[in-house]
Amino acid sequence: MVEYRNFFCNFQTLRIMEITINKTSDCQVELKATVPAADVTAIQDGIIKSIAGSARIPGFRPGKAPKSVIVKRYASDIKDELDARLRSDIQDKCLDENPELKVLDFGDIQSGVQEDGSYTLTSKLTVVPEFELPEYMGIEVSVPTTEVSDAEIDETLAKYAETSARHEVTERASAQGDVVVIDFKTTVEGQPTAEYCGKPVGFMEGREDYWVTLEEDRFMPELAAGLVGVSAGESKDITASLKEDFPISDLAGKEVVFHCTVKEVREKQVPEVNEELFATALPGKTMAEIRDIVKENLKGNKERSNDEAKAEQISEKLAEQLSFALPTELVERENENTVQRKVYAAIQGGNYDAAKDMDALREEAMKETERNLRVYFALQEIAHREHVVATDQEMIEAISNMAKQARENNLKSFIRKLQREGRMTGVRLSIITSKVLDLLARNAKVTVTE
């Protein structure tokens with residue numbers, strides 16, 4: 001961890017350079033920067049030396065290849081690394097020398113090494129517009145109690161027992177809650193479904209040894225309802241009317257007949273809640289100890305839920321008091337992300353009609369986008385006033401987690417990648433936003449309800 005921390009800090013080192021900033025509008029600033037040729041050469045030499053130390057080139061011992069060979073073989077890597085280093089240094093120096101400048105986006109950056117060896121960079125920065133910050137300490141919020149009742153513990157234990165339930169074969173007719181094992185084929189308008197559609201349709205053609213749980217709100221509710229009261233050995237035809245938004249368009253709105261042969265009826269058997277049920281998960285624990293563990297887990301879940309509720313209520317109350325113009329380009333870009341997120345969430349929830357009226361969806365998303373941006377700006381301003389910062393350790397921990405999720409094993413390379421993509425500022429601001437919400441939650445006036 002120490003090695004990575006030093007590496008990260010090296011990438012934050014500021015170089016001597018000339019920077020000019022001109023405000024072109026309330027939300028935009030033009031940045032021009034020049035790095036002298038001598039500094040560019042020094043940084044480039046450091047990059048070449050770093051690569052040479054670990055490069056393995058046929059015909060040379062590790063670390064012994066001539067500089068000319070390294071430069072030729074790794075020209076593209078050296079160029080990319082140099083550009084990333086200089087961009088990062090310029091951005092950091094810009095923010096360091098202009099603390100009043102609240103940069104949202106460094107925009108489309110134009111940069112490169114010039115004929116005289118110097119490095120120039122120009123970009124149009126999107127900045128936070130001026131606004132009056134409302135009172136943010138002592139915001140009133142309401143959350144439920146984190147106390148855990150015996151009934152909640154009993155319910156949790158019962159749910160665990162449900163997950164360990166087994167379905168045993170029974171000779172009786174099926175009932176609600178049972179599982180019925182069937183073989184089935186399907187037809188549409190008297191034709192085999194695949195023949196009707198003119199192509200294979202997978203599951204909808206039929207299955208053998210297919211388990212149907214007889215519960216409400218299943219994927220094919222009419223099939224489950226039609227299998228209540230059947231016994232092993234029976235055959236039954238069940239007609240299901242598919243919805244207009246059924247995923248297979250050729251079958252949308254059609255009536256499909258399931259020709260079923262019942263092979264087994266299985267009854268759900270839930271085990272008793274006792275020490276034996278938890279022998280694998282919590283070996284050697286008594287029921288009293290198990291109940292204490294469940295209680296602590298439930299309490300922890302409630303506390304985390306309350307933290308989220310506090311943050312949401314604080315954000316909402318800040319939003320109610322904020323009203324100012326926003327950068328148009330930023331709003332439009334963020335709104336597209338909001339729209340895509342809403343469409344994806346709707347489809348995940350089974351609403352395939354969500355994208356049919358995109359104008360209405362975008363209008364709804366726009367309100368959410370503008371609200372979120374204003375709150376975000378307010379939180380960053382509070383961070384500035386309260387001196388809330390993201391430490392190097394917090395940055396490294398956040399980046400390490402991101403690397404794990406992306407399955408990136410080399411943290412140094414991953415940091416370089418984030419810097420090339422201009423994502424380091426976003427990581428830092430995300431940490432600061434979270435810390436500010438924690439600060440406001442700690443200072444909120446909390447009412448606890450039963």
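We number each residue from 1, following the sequence as shown.
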Test: D178 and R266 ion pair at under 4.0 Å: no
Under 3.5 Å side-chain donor-acceptor pair for Y376 and E334: no
Salt-bridge present (R416, D80; N to O < 4.0 Å): no
Test side-chain hydrogen bond (donor to acceptor under 3.5 Å, both in side chains) applied to H259 and T187, step by step: CA-CA 8 Å; H259 306 279; T187 59; 2.9 Å; yes
K299, NZ: over 12 other non-hydrogen atoms inside 6.0 angstrom: yes
Enclosure of E316 CD (heavy-atom neighbours >12, cutoff 6.0 Å): yes
Salt bridge (charged side-chain N to carboxylate O under 4.0 Å, His left out) between K263 and D183, intermediate numbers included: CA-CA 7 Å; K263 302 181 75 172; D183 292 343; 3.6 Å; yes
Nearest heavy-atom neighbours spanning R374 and S323: NE-CA, 4.0 Å
F184 CZ to D209 CG distance, which is reported to the nearest 0.5 Å: 11.5 Å
Identified salt bridge (Lys or Arg N to Asp or Glu O under 4.0 Å) partner of R371 from the options E312, E320, E364: E312
Shortest non-hydrogen separation from F258 to A240 and the atoms involved: CE1-CB, 3.9 Å
Nearest non-hydrogen partners of A390 and R428, listed with the distance: CB-CG, 3.8 Å
Value rounded to 0.5 Å, distance of OG1 in T261 from OH in Y210: 16.0 Å
E152 (side chain) donor-acceptor with S149 (main chain) under 3.5 angstrom: yes
Side chain proximity check, V427 to M395, heavy atoms < 4.5 angstrom: yes
Reported CD1-to-CZ distance for the pair I415 and R423, which is rounded to 0.5 angstrom: 12.5 Å
Donor-acceptor under 3.5 Å (S174 side chain, V230 main chain): yes
Enclosure of F324 CZ (heavy-atom neighbours >12, cutoff 6.0 Å): yes
Polar side-chain atom of E289 near backbone of T286 as donor-acceptor pair, under 3.5 Å: yes
Presence of salt bridge, E308 and R304, under 4.0 angstrom: no
K435 side chain vs V389 backbone, donor-acceptor pair below 3.5 Å: yes
Lys/Arg-Asp/Glu bridge criterion (N-O < 4.0 Å) met for R166, E168: yes
Inter-residue atom distance L227.CG - E222.CD, 0.5 Å rounding: 12.0 Å
Stepwise side-chain hydrogen bond (donor to acceptor under 3.5 Å, both in side chains) check, S88 with Q91: CA-CA 5 Å; S88 178; Q91 290 173 1; 5.8 Å; no
Pair R85 + E81: basic N to acidic O under 4.0 Å: no
Aromatic plane relationship, W211 with H167 - under 30° parallel, 30 to 60° tilted, over 60° perpendicular: perpendicular
Rounded distance (nearest 0.5 Å) linking atom NZ of K417 with atom CG of L411: 13.0 Å
Test: K285 and E276 ion pair at under 4.0 Å: no
Distance-minimising heavy-atom pair for A173 and G229: CB-O, 3.7 Å
Distance-minimising heavy-atom pair for G226 and I238: C-CD1, 3.6 Å
Heavy-atom side-chain contact between L282 and I293 under 4.5 Å: yes
Minimum side-chain heavy-atom gap T145-T449 below 4.5 Å: no
Heavy-atom side-chain contact between C260 and L223 under 4.5 Å: yes
Any donor-acceptor pair under 3.5 Å from T186 side chain to M204 backbone: yes
Closest contact, heavy atoms only, Y160 versus A281: OH-CB, 3.7 Å
Heavy-atom check, side chain of T433 versus side chain of Q380, under 4.5 Å: yes
Check ion pair R341-E368 (N to O, under 4.0 angstrom): yes
Atom NZ of K295: over 12 foreign heavy atoms under 6.0 Å: no
S111 and D83 side chains, donor-acceptor separation under 3.5 Å: yes
Enclosure of E208 CD (heavy-atom neighbours >12, cutoff 6.0 Å): no
L361 side chain reached by K342 side chain, heavy atoms, under 4.5 Å: yes
NZ (K317) with more than 12 external heavy atoms under 6.0 Å: yes
Contact check, side chains of T447 and E140, non-hydrogen atoms, under 4.5 Å: no
L31 backbone acceptor or donor facing S123 side chain under 3.5 Å: no
Minimum side-chain heavy-atom gap V273-M287 below 4.5 Å: yes
Between OG on residue S315 and CG on residue L379, distance to nearest 0.5 Å: 6.0 Å
Test item: side-chain donor near acceptor, Q340 and E336, under 3.5 Å: no
